[in-house]
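Numbering starts at 1 and runs along the sequence shown. The structure displayed is predicted, hence computed values, not measured ones.
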Amino acid sequence: MICRITKANLTNLLLDRELAPAEVRNHVEQCAECKQELAALEATMQALDSWEAPEPSPFFNARMTARLRSEREAQPAGFFERLRARLLYSTNMHLRPVAAGALALLLLIGGGTYAGFVNMGQPVTPSAAVRDLQSLDENSQVFQQLNTLDQQDDDSNSASPNSHL
């Protein structure tokens, strides 16, 4: 049997030998390390059984009552002092939703930034409709230039009527 499994069952063996599996009892009898750990646990249990709690001071209740009264009558702490005390001495369970929201926001911003960098190197190709509109715009500029040249030619022809003969 593995010592790790036996050590997990040492408390059962310590409290009631009959409840512990036979494999664990046999292993403890054969393994010196496990036997030593069981002996250390038994010594600890005997020390705890012989220990007696000290009697509280006769003035304990009076001092505790005075301290509670002074805390009740004290000025309330400022916002930052209460926030500091809450962050330092509480379980911080109330901050879990805030932390989850901040993490989700951070992931969204990071993912959007990554997507922007990935697509930045690729050229954007316009759709067919956009290309058609651009070619019409370029053709209209050509037509305007041709119209301007025709008008200039007509103006020069009308200025000299005998130039065609």
Side-chain angles (χ1 to χ4, degrees), residues 1-138 140-141:
M1 179 169 233
I2 303 172
C3 289
R4 178 175 39 95
I5 296 171
T6 304
K7 288 180 183 180
N9 288 314
L10 281 180
T11 54
N12 293 339
L13 189 64
L14 181 67
L15 297 176
D16 190 6
R17 288 191 182 271
E18 300 303 319
L19 289 178
E23 300 172 330
V24 173
R25 287 182 286 188
N26 292 336
H27 179 79
V28 168
E29 290 173 6
Q30 295 171 359
C31 179
E33 184 180 339
C34 292
K35 187 183 284 187
Q36 183 181 3
E37 189 160 345
L38 181 64
L41 284 173
E42 286 174 344
T44 303
M45 289 297 285
Q46 287 174 359
L48 287 174
D49 287 341
S50 65
W51 181 73
E52 291 182 22
E55 289 295 321
S57 168
F59 301 109
F60 175 77
N61 287 336
R63 284 186 292 172
M64 180 62 84
T65 306
R67 187 166 182 180
L68 289 173
R69 187 177 322 112
S70 68
E71 286 294 323
R72 230 181 280 127
E73 294 170 357
Q75 289 289 332
F79 174 74
F80 291 110
E81 291 174 16
R82 286 182 299 180
L83 182 65
R84 181 177 160 264
R86 177 173 269 185
L87 290 175
L88 289 177
Y89 304 117
S90 72
T91 60
N92 294 329
M93 293 294 287
H94 62 283
L95 292 178
R96 284 190 178 183
V98 173
L103 182 60
L105 182 64
L106 184 66
L107 286 173
L108 285 173
I109 291 171
T113 304
Y114 176 75
F117 284 135
V118 167
N119 294 332
M120 190 173 10
Q122 301 170 352
V124 178
T125 57
S127 66
V130 171
R131 278 184 274 156
D132 290 343
L133 289 173
Q134 287 174 344
S135 66
L136 286 175
D137 188 37
E138 290 170 4
S140 70
Q141 291 173 356

Could you state the interatomic distance from [atom1] ([X]) to [atom2] ([Y]), rounded to the nearest 0.5 Å?
X    : Y    : atom1 : atom2 : value
L103 : L108 : CG    : CG    : 10.0 Å
E42  : D49  : CD    : CG    : 11.5 Å
T44  : Q46  : OG1   : CD    : 9.5 Å
R25  : L19  : CZ    : CG    : 9.0 Å
L38  : T11  : CG    : OG1   : 10.5 Å

Inset, instruction - With the side chain counted from C-beta on, respond yes when V28 and L13 share a heavy-atom pair under 4.5 Å apart, and no when they do not. - result: yes
Inset, instruction - Would you mind reporting whether S57 and R63 have side-chain heavy atoms less than 4.5 Å apart? - result: yes
Legend entry - Minimum-distance pair of heavy atoms, taken over all atoms of F60 and P56: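 Residues F60 and P56, closest heavy atoms: CB-CB, 4.5 Å.
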Legend entry - Shortest non-hydrogen contact between K7 and E37, atoms and distance: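 Residues K7 and E37, closest heavy atoms: CE-OE1, 3.1 Å.
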Inset, instruction - For atom CD of Q36, decide whether the heavy atoms of other residues, nucleotides or ligands shown that lie under 6.0 angstrom number more than 12. - result: no
